[in-house]
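Please read these numbers as outputs of a predicted model, since none were measured by experiment. Letters go in sequence order (proteins before strands), and every chain restarts at 1.
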2 protein chains.
Amino acid sequence: MDNKLPTVKEIARRLNVSVSTVSRALSDHPRIGLRTKTKVQELAKEMNYEPNAKAIFFKQRKSFIVGVILPYIREEFFSEAISGIEAAAMEHEYTILFGQSYDNPEREKQVVDTMKKQRVDGLIISLSKQTNKYEHLQALDKYDIPVVYFDRVPAIENVHKVYCDLYQGTTEMVNWLFNRGYRRVAFINGPEKLQASKERLKGYLEGVTRQKLKIDMQMVETTDLSKESTHQAMKKLLSLKNRPHAIVTFNDYVHMDAVQYAEQHNVQINKDIAFVSYANLPITSYTAFPPLASIEQYPYGQGKKAMELMIRILQEKSAGTTVPDTHHTEKVMPTLVMHHPVAR
Amino acid sequence: MDNKLPTVKEIARRLNVSVSTVSRALSDHPRIGLRTKTKVQELAKEMNYEPNAKAIFFKQRKSFIVGVILPYIREEFFSEAISGIEAAAMEHEYTILFGQSYDNPEREKQVVDTMKKQRVDGLIISLSKQTNKYEHLQALDKYDIPVVYFDRVPAIENVHKVYCDLYQGTTEMVNWLFNRGYRRVAFINGPEKLQASKERLKGYLEGVTRQKLKIDMQMVETTDLSKESTHQAMKKLLSLKNRPHAIVTFNDYVHMDAVQYAEQHNVQINKDIAFVSYANLPITSYTAFPPLASIEQYPYGQGKKAMELMIRILQEKSAGTTVPDTHHTEKVMPTLVMHHPVAR
DNA sequence: TTGTAGGCGTTATCAC
DNA sequence: GTGATAACGCCTACAA
């Protein structure tokens, strides 16, 4: 095995021409002799020559690598999202540097740092659920690394972001439940800091208000998304004198934990109490008790859009047509999906 | 926003020293004046200087980027695996370039090509289930890019690989079933080409043989892992005159599809027929009918080992202590995990 | 049509 | 202790 990879220099040496000639021949430069061109290209092929991307990237100050940071890849929502990101990346010959924050701001900072060191062309991130400071991300501006936030976006304005506004979707869901006769609708929300939680809560309150009912804050619980916390919330709801007729949960994982608790406490799922949720993950169709309805958030589509936005930003940047302080926000419209309750 | 990132050169200019001095001061070179050193380091900090990894990698012919190609990230098995890979990578300051093959050899080739172009330091791959030619991967040798296969490994010898040998585990599982009184044990295997299928089949046959029973090939079906194919296999098994007492499925996804079919055809899961499986994915605990037992394959551990092996290879390489034609194989021991059947 | 030379940011090897 | 210079592989203006 010849350890030395072929370079333009080596090709030039063997052919007794200059490196520039080789470089031009390989890139089909117009002003190049046909004979020389074919000669060079043949030898290049024979030697299995491939341009060294590291050198090119170094020179061009680009790497075609975009960093992607997600909380947990094993959540189907995020694995779908990264697939969308990858699809858009491939189309435009970009590649993905991968990292997880595990919902830990410290680790998130660390991963951001690694990406910064690697000098990725850009960074796409879905924030850790505890992150409420964005210095480490805004600092990337200094390194000329654009950031696109998606799904879990920060509560600040002047940034690029792609997300699914669940305000309206939640209102619709509450209406749908009332129309089916569920009067007392409870809500297990996510961490209050999350933008996503705020939207959902707003939508829920709006939905209840529209029904001209008094808002009962006993019907609203929060979970930090852990199983224990969700069980705790369920405990409170089930111990109410007037148990809810329906429970809206923050997402399908919370749904599964909530249902698990309810089942253990002899609640007939979707009979005694109806459960509805967000995300509409494929995996729920295999579970014992899928939610009665779920709000589809199109993670694949969100990921794809985020990457497409990133590419647009990068192209504008290299074309020098960037308008300073212009920031893009793209919203993805959620959809309410009904499921048939499983007959048992 | 100053578009120019600070460089050693810029620092040198401002301090009226040479670039070498700056470089040395920043890397704590022994022969450097304390005054100069602090002066340089302070300015560097003030300017938010960060060495340009692209330039360094280019010079050092290393990037600390390892490519990782998986069939489907949304399978929990693989998202666990990549988490193990990431953990080991972080420990050693490596990063991960991510790509999926979607079990499509064409796409796999394409992704391998992208990684080659990016000149990753190494490549970790779990093969697409259809891949039976390895030229595109062995060609990476020419570019001095080592390959570590994991879980779905090729049926050839002289390569680095990490996998979980299920031969013995399968035999144990069959024994366990016989001991609990299940005499007719059927088996829905995966694609025959897969190394993993061969091992499982061998283990199954060994298990049946040890019980001094005649092997009945009607009890052995295969699936291409799609839902339709699995349903087809189930259809055949359920239409047998002597239905199996227990069914071993290739993995938890096949299990879920198989159970779904059985349920639709009025089989009492784990009563009429017992179901056992491989992988032991966390998600099964939320499903309607988890397998009675499952063989844990430790995807996280496998991924971690694969990355650790890769790092060892890379270190040997750069230390120049590589022994040619030496290839490492690491096996991970699977474990049989019992579940309590869900009471209904 | 082809060659020469400079530069991208860094580090290592000389010299002083 | 510090400075000048070469080198990594490639591209490209400028020269010829």
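- Residue Arg24(A) contributes atom CZ, which lies 13 Å from atom P of dC14(D) at whole-angstrom precision.
- The NE2 atom of His29(B) sits 15 Å away from the C1' atom of dT10(C) (whole-angstrom rounding).
- The CD atom of Glu10(A) sits 12 Å away from the P atom of dC8(D) (whole-angstrom rounding).
- Look at NZ on Lys39(B): it is 12 Å from C1' on dG1(D), rounded to the nearest Å.
- Side-chain nitrogen and oxygen atoms of Ser18(A) include none within less than 4.0 Å of the OP1 or OP2 phosphate oxygen of dT4(C).
- For the atom pair CD of Glu93(A) and CD of Gln118(B), the computed distance is 10.0 Å after rounding to the nearest 0.5 Å.
- Protein atom CG of Asn16(B) is 13 Å distant from nucleotide atom C1' of dT2(D), rounded to whole Å.
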Report, one line per pair, each donor and acceptor closer than 3.5 Å where one atom sits in a side chain of residues 57-75 of chain B; sequence neighbours left out.
{"residue": "Ser63(B)", "atom": "OG", "partner": "Ile65(B)", "partner atom": "N", "Å": "3.3"}
{"residue": "Ser63(B)", "atom": "OG", "partner": "Asp121(B)", "partner atom": "OD1", "Å": "3.2"}
{"residue": "Arg74(B)", "atom": "NH1", "partner": "Glu80(A)", "partner atom": "OE2", "Å": "2.7"}

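- Taking 4.0 Å as the cut-off between side-chain N and carboxylate O, Asp103(A) and Arg152(A) count as a salt-bridged pair.
- When rounded to the nearest whole Å, the span between CZ of Phe64(B) and P of dT10(C) equals 16 Å.
- A donor-acceptor contact closer than 3.5 angstrom links the side chains of Ser18(B) and Thr21(B).
- Note: CZ (Arg31(B)) to P (dG3(D)) measures 13 Å, nearest angstrom.
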N/O contacts under 3.5 Å, protein versus nucleotides 9-11 of chain D?
{"residue": "dG9(D)", "atom": "OP1", "partner": "Arg61(B)", "partner atom": "NH2", "Å": "2.9"}
{"residue": "dC10(D)", "atom": "OP1", "partner": "Tyr49(A)", "partner atom": "OH", "Å": "2.7"}
{"residue": "dC10(D)", "atom": "OP1", "partner": "Asn52(A)", "partner atom": "N", "Å": "3.2"}
{"residue": "dC10(D)", "atom": "OP2", "partner": "Val8(A)", "partner atom": "N", "Å": "2.7"}
{"residue": "dC11(D)", "atom": "OP2", "partner": "Ser23(A)", "partner atom": "OG", "Å": "3.2"}

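- There is no side-chain donor-acceptor pair under 3.5 Å between Glu330(A) and His160(A).
- A straight line from CD1 of Ile11(B) to P of dT2(D) spans 16 Å, rounded to a whole angstrom.
- Side-chain contact, Glu308(B) with His92(B): no donor N or O sits under 3.5 Å from an acceptor N or O.
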